[in-house]
Amino acid sequence: MHSSHLLLEEPIRMVSILEPSKPNFFPAMTKIVGTLGPKSRSVEVISACLKAGMSVARFDFSWDDPEYHQETLENLKNAIKTTKKLCAVMLDTVGAEMQVVNKSEKAISLEADGQVVLTPDRGQEASSQILPINFDGLAKSMKKGDTIFIGQYLFTGSETTSVWLEVSEVKGQDVICTIKNSATLAGSLFTLHASQVHIDLPTLTDKDKEVISTWGVKNKIDFLSLSYTRHAEDVRQAREFLSKLGDLSQTQIFAKIENVEGLTHFDEILQEADGIILSRGNLGIDLPPEKVFFFQKSALYKCNMAGKPAVLTRVVDSMTDNLRPTRAEATDVANAVLDGSDAILLGAETLRGLYPVETISTVGKICAEAEKVFNQDLYFKKTVKYVGEPMTHLESIASSAVRAAIKVKASVIICFTSSGRAARLIAKYRPTMPVLSVVIPRLKTNQLKWSFSGAFEFSQL
């Protein structure tokens, strides 16, 4: 019997599967991160997203300006007030992202077997023959036979809106490529991804630092999603940068693993970061497709054993345009939960998708169903064994609390905490009931004035 089957509680009653899902007072325990954008920034839509189960709002700074995101955030605050639903704020950096700039915004058609030149000369107009990019060092990193992907929504796997190129020659600073599939690139900005190649760009760019120290500080962001994390040093540098920005020393850093380089240094990155985001879109084209599942399972297991949140992306791409997910996507969401995923991150589906609220609701329902059959007993034993002996006092209290709660069939575990550590450790042991955290504020002073701590822990939990 495959070990993955053991994650399900045996035997599942088929009857329970056919019964309609009863609405639960608590939403799914798997959290949902929604990216707010053009289709999801009005107070009305955000309110509906919160009611549907979104508990973290992601602001993606790869597009549009801080003013635009500020308006969206003010709408979020209003929605939180009216719905009385909590929601944390995540700022997503641009990071080492290479982009093709299409100033004229005219659609660019590329024909299979033709050739196209990638050039750092930004003065050039983007066309079917030449594409200007925002990075001068591409030619230094590339060699004949390397693979490059370009597209506006690059990683949906949609073959007609993203193009696959093979490097045929490097000429000075230009990279000449053969086009592998016919595609039409539409929009003003496309992402460029060079597969399995080290790109010499900083993980935290000057533009990112500026956004964090202005928009981030003003809005006291709860989470920083660090795009293209490739080494533990990237997280250390980001942490050092945040530590100098007053309140942001309390912001949690989630390392976004997007390429083979990040996977190679995964263990060290996990030690430094507060959480991990597995960006399967980019990973899916940096890795051979048949390897993606393995890295997903292995990374989720490591996060679970470390007691750090693991977030999975790109689960219901088809819901960007459709009201229902495909069967494969629905199964994929459930398997992510059974593999140990703590949260699902929705990108295009809520940002520009036609059905942001329905997507959140659908993903939440699938997560809740998967949680019903999650083999908590096996998971608990595995976690206790992994921690080993002697346990720390806190670890021992957390695991004992979960065991006791299950034995007495408690409906909820209430945890009083000031740092949030106790609540997170209890959650690490995956109790079958929700954990309600009560954050006790601490009074602190800087000799000039008194203030309460606790707001960050409150949102982050």
Side-chain angles (χ1 to χ4, degrees), residues 62-63 93-208 227-228 230-231 234 258-264 279 281-289:
S62 300
W63 58 277
T93 63
V94 179
E97 184 169 278
M98 294 180 289
Q99 293 168 335
V100 174
V101 183
N102 178 20
K103 288 184 201 141
S104 72
E105 297 198 21
K106 287 193 189 104
I108 297 166
S109 291
L110 299 167
E111 292 296 325
D113 304 324
Q115 288 208 316
V116 66
V117 178
L118 305 178
T119 178
D121 177 3
R122 324 251 208 296
Q124 296 268 14
E125 188 82 24
S127 70
S128 304
Q129 287 78 44
I130 195 155
L131 296 172
I133 58 173
N134 68 342
F135 175 54
D136 296 336
L138 184 67
K140 282 205 284 279
S141 305
M142 305 308 290
K143 62 182 187 309
K144 188 175 177 355
D146 280 345
T147 300
I148 294 174
F149 292 93
I150 297 175
Q152 189 181 13
Y153 312 121
L154 182 54
F155 311 113
T156 54
S158 171
E159 281 305 287
T160 53
T161 59
S162 50
V163 70
W164 169 19
L165 308 174
E166 191 176 284
V167 176
S168 52
E169 192 188 342
V170 176
K171 213 174 190 179
Q173 284 198 307
D174 292 352
V175 178
I176 300 157
C177 303
T178 302
I179 302 162
K180 304 289 277 184
N181 68 299
S182 298
T184 302
L185 302 178
S188 58
L189 205 67
F190 319 119
T191 308
L192 182 148
H193 183 91
S195 211
Q196 300 206 17
V197 171
H198 172 75
I199 297 300
D200 200 16
L201 274 167
T203 301
L204 209 53
T205 63
D206 290 341
K207 187 184 163 197
D208 288 330
S227 295
Y228 296 96
R230 294 163 286 183
H231 300 269
D234 296 340
E258 315 206 34
N259 54 21
V260 168
E261 214 175 336
L263 279 177
T264 310
S279 183
N282 294 28
L283 272 176
I285 56 173
D286 219 38
L287 282 170

Pair E97-S62, side-chain contact (heavy atoms from CB on, under 4.5 Å): steps then yes or no: CA-CA 9 Å; E97 184 169 278; S62 300; 3.9 Å; yes
Validation row: [X], [Y] side chains within 4.5 angstrom (heavy atoms):
{"X": "L263", "Y": "L287", "result": "yes"}
{"X": "V116", "Y": "L110", "result": "yes"}
{"X": "I179", "Y": "E111", "result": "no"}
{"X": "M142", "Y": "I148", "result": "yes"}
{"X": "L204", "Y": "D234", "result": "no"}
{"X": "V167", "Y": "L165", "result": "no"}

side-chain contact (heavy atoms from CB on, under 4.5 Å) between N134 and M98, intermediate numbers included: CA-CA 6 Å; N134 68 342; M98 294 180 289; 4.1 Å; yes
Measure across [X] and [Y] and return the closest heavy-atom pair with its distance rounded to 0.1 Å.
{"X": "S162", "Y": "A183", "answer": "O-CB, 3.6 Å"}
{"X": "T184", "Y": "S109", "answer": "OG1-OG, 3.8 Å"}
{"X": "F190", "Y": "I150", "answer": "CB-CG2, 3.8 Å"}
{"X": "P132", "Y": "I130", "answer": "CD-O, 4.0 Å"}
{"X": "T93", "Y": "S227", "answer": "O-OG, 2.6 Å"}
{"X": "A126", "Y": "L131", "answer": "CB-CD2, 4.4 Å"}

Which residues pass the side-chain hydrogen bond (donor to acceptor under 3.5 Å, both in side chains) test with Q115, not counting sequence neighbours?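 Expected list: S168.
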Set of side-chain hydrogen bond (donor to acceptor under 3.5 Å, both in side chains) partners for D174, sequence neighbours left out: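 Here the qualifying residues are T119.
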For the pair Y228 and N282, evaluate side-chain contact (heavy atoms from CB on, under 4.5 Å) and give the outcome as yes or no after the intermediate values. CA-CA 10 Å; Y228 296 96; N282 294 28; 3.1 Å; yes
Keeping the roles fixed (side chain from [X], backbone from [Y]), state whether a donor-acceptor pair exists under 3.5 Å.
{"X": "T147", "Y": "W164", "value": "no"}
{"X": "D286", "Y": "L283", "value": "no"}
{"X": "S188", "Y": "E105", "value": "no"}

Could you work out, with side chain to side chain contact (heavy atoms under 4.5 Å, CB included) as the rule, every residue matching K106, not counting sequence neighbours?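 Side chain to side chain contact (heavy atoms under 4.5 Å, CB included) list for K106, sorted by chain: S104.
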Apply side-chain contact (heavy atoms from CB on, under 4.5 Å) to L118 and L192, showing your working. CA-CA 10 Å; L118 305 178; L192 182 148; 3.9 Å; yes
Distance from [X] atom [atom1] to [Y] atom [atom2], nearest 0.5 Å?
{"X": "H231", "Y": "T264", "atom1": "NE2", "atom2": "OG1", "answer": "8.5 Å"}
{"X": "F135", "Y": "I199", "atom1": "CZ", "atom2": "CD1", "answer": "5.5 Å"}
{"X": "I133", "Y": "D121", "atom1": "CD1", "atom2": "CG", "answer": "11.0 Å"}
{"X": "S182", "Y": "D113", "atom1": "OG", "atom2": "CG", "answer": "7.5 Å"}
{"X": "E258", "Y": "R230", "atom1": "CD", "atom2": "CZ", "answer": "10.0 Å"}

If the condition is salt bridge (charged side-chain N to carboxylate O under 4.0 Å, His left out), which residues does [X] pass it with, not counting sequence neighbours?
{"X": "K143", "answer": "D146"}
{"X": "D136", "answer": "R122"}
{"X": "E169", "answer": "none"}

Take the angle between the ring planes of F149 and H193 and call it parallel below 30°, perpendicular above 60°, tilted in between.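 Tilted: the ring planes of F149 and H193 meet at 30° to 60°.
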